[in-house]
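No experiment lies behind these values; they were computed from the predicted model shown.
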Amino acid sequence: MLPQIDYRAIAPELILAGTIMVVLVVDLFLRERRKHWSMTVSFVGVATALGSTIPLFGREGPAFGETYVVDPFAVLLKIFFLAMALGVLFLSQRYFREGRFYQGEYYFLLLTSFLGMLTMASSRDLLMLFISLELVSAPGFIIAGLRKRDPRSNEAALKFFLIGILAVAVMLYGMSLLYGVTGTIALEGIARSLQQGAEPLAIAALLFVVVGFAFKISAVPFHFWAPDTYEGSPVPVAAYLSTASKAAGFAGLLQIMFVAFRPVADVWAPVFAVLSILTMTLGNLIAIQQRQVVRLLAYSSIAQAGYMLLPFALVGLSPDLDQRAFGAAVLYILIYGATNLGAFGVVTSVSRESPGVLVEDFAALGQRAPGLSVAMTTFMISLAGIPPTAGFIGKLFIFLVAISAWQAGSTIALVLAVAMVINSVISLYYYAAVVRQMFLVPIERPGRFRSPVLVTGVVAASLVVVLAVGIFPDLFASFPPDATLP
């Protein structure tokens, strides 16, 4: 008997899938100088999908059997992903129109990837998670190399593809072992099976799955593809990879670890503690040496992944702490996405006149574009975790959970909290280097700086979010989905 389908619950996915088909067909009939209309069609479709998602708040239940559900966690992430899609579309419009890239193909592939993100948020078994992850990743392999005549773009796409395929193979092997051991692909079914005791093969499967996701979220030591891929990709694509794509990887990892593998948290939590410390420390130390801003933000993204991994190391002490750790991880992912998208918006503007986007290219930007410079400064101090910004609130939530875990008897939680504080201080060095260039390094003849309207809109919207969460944290204190785990 086929499961009953709730079409209202999957309306965002249906609308976005329809938009993808329309973009594909419309592009066939557009003349070269009108190819940018694909962005308009994409925007209308994503905005409509976002409008159909908001009414789903408060609903909870299956949309397609137990395989695909709607709950607060899924709805929150879908709204986040669709908002990120709008932001990336705005960053892309002028960039791809002026560069005469393959606009129709780009928007088709980009929306396909975001469709995978929507399905990722609602997936509740291994098969749907795997399909969703591949729907996210496969288009990214192609759009990373859209600048076909640029050797760096070719290198970016090739590295991303080869490492991505390796990660998929490892993860799929782990999932197949897990199915063989537990006899089910449902996340809750796997959890029930593991409560009765974990066989060594199940632990091996768990590690394979973690390694696969670690590649996706660029956790150390599986991070080496990210800096070259970000640098070689078009800047809007780098923004997409470092925000929405990374968040999609964490969305899948959250469900796997907090639902399916929670009964054996004592086995994998120490692994995540090591991954967290290595990722945040190595990412920050290498970022200090960077002089190209996209590479700097790439290593910053790796370090930020280390902070996001910290709550995973706190699971297993008590249901209440598990819930708080889950909420802290979700909140930090959302805050990081908004902050980094804004930072890449400024980088996109600067790249129009300085394609290399070196740190030195930001010299005197405070004089030439004071609004953008203030916004970039805010994003930098938010990523560093300085009040009154959203980044400080996100790190504070994680820090408080770690202290609570320490008080509950976890020694490693105190080590993790101290490591996060130390790494936040280290990160100030390279974030401040960008701010210093904008305001303290003069140039002889500062010319007029113009930022595209849509890009400026993305920067402004991100700035509002970062400051609103930082200045009025009480309004967002219950923002993470803390009623139930997915």
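With a 6.0 Å radius and a threshold of 12 heavy atoms from other residues, nucleotides or ligands, Tyr429 has its OH atom at or below the threshold.
Using a 4.0 Å cut-off between a side-chain N of Lys or Arg and a carboxylate O of Asp or Glu, Glu353 and Arg450 do not qualify as a salt bridge. Residues Arg295 and Asp228 are paired through a salt bridge, judged by an N-O separation under 4.0 Å between the basic side chain and the carboxylate.
Taking CG of Leu341 as the reference point, atom CG of Leu86 lies at 10.0 Å (rounded to 0.5 Å). Between the CE atom in Met376 and the CE atom in Met438 there is a gap of 6.0 Å [rounded to 0.5 Å]. Note that OG of Ser245 is 11.0 Å distant from CD1 of Ile217, once rounded to the nearest 0.5 Å.
Ile386 places none of its side-chain heavy atoms less than 4.5 Å from the side chain of Phe392. Looking at heavy atoms from C-beta onward, Phe114 lies out of side-chain contact with Val46 at the 4.5 angstrom threshold.
Side-chain contact of Tyr307 with Ser276: a donor-acceptor pair under 3.5 Å is absent, judged by distance alone. The closest side-chain donor-acceptor pair between Asn284 and Tyr430 falls under 3.5 angstrom. Under 3.5 Å, the side chains of Ser242 and Ser301 contain no donor-acceptor pair of N or O atoms.
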**Q.** Full working for side chain to side chain donor-acceptor pair (under 3.5 Å) between Tyr299 and Gln289
**A.** CA-CA 10 Å; Tyr299 281 107; Gln289 308 170 34; over 6 Å; no
Q | Pair Asn340-Thr243, side chain to side chain donor-acceptor pair (under 3.5 Å): steps then yes or no | A | CA-CA 7 Å; Asn340 224 42; Thr243 54; over 6 Å; no
Q. What's the verdict on side chain to side chain contact (heavy atoms under 4.5 Å, CB included) for Leu428 and Tyr431, showing C-alpha distance, side-chain angles and the deciding distance?
A. CA-CA 5 Å; Leu428 276 173; Tyr431 291 134; 5.6 Å; no
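Here the options are Phe258, Phe80, Phe326, the test is ring pair (Phe, Tyr, Trp, His ring centres under 6.0 Å), and the partner is Phe73; only Phe326 passes.
Between Tyr240 and Phe344, the distance from one ring center to the other does not fall under 6.0 angstrom. With ring centers used as reference points, Tyr173 lies under 6.0 Å from Phe208.
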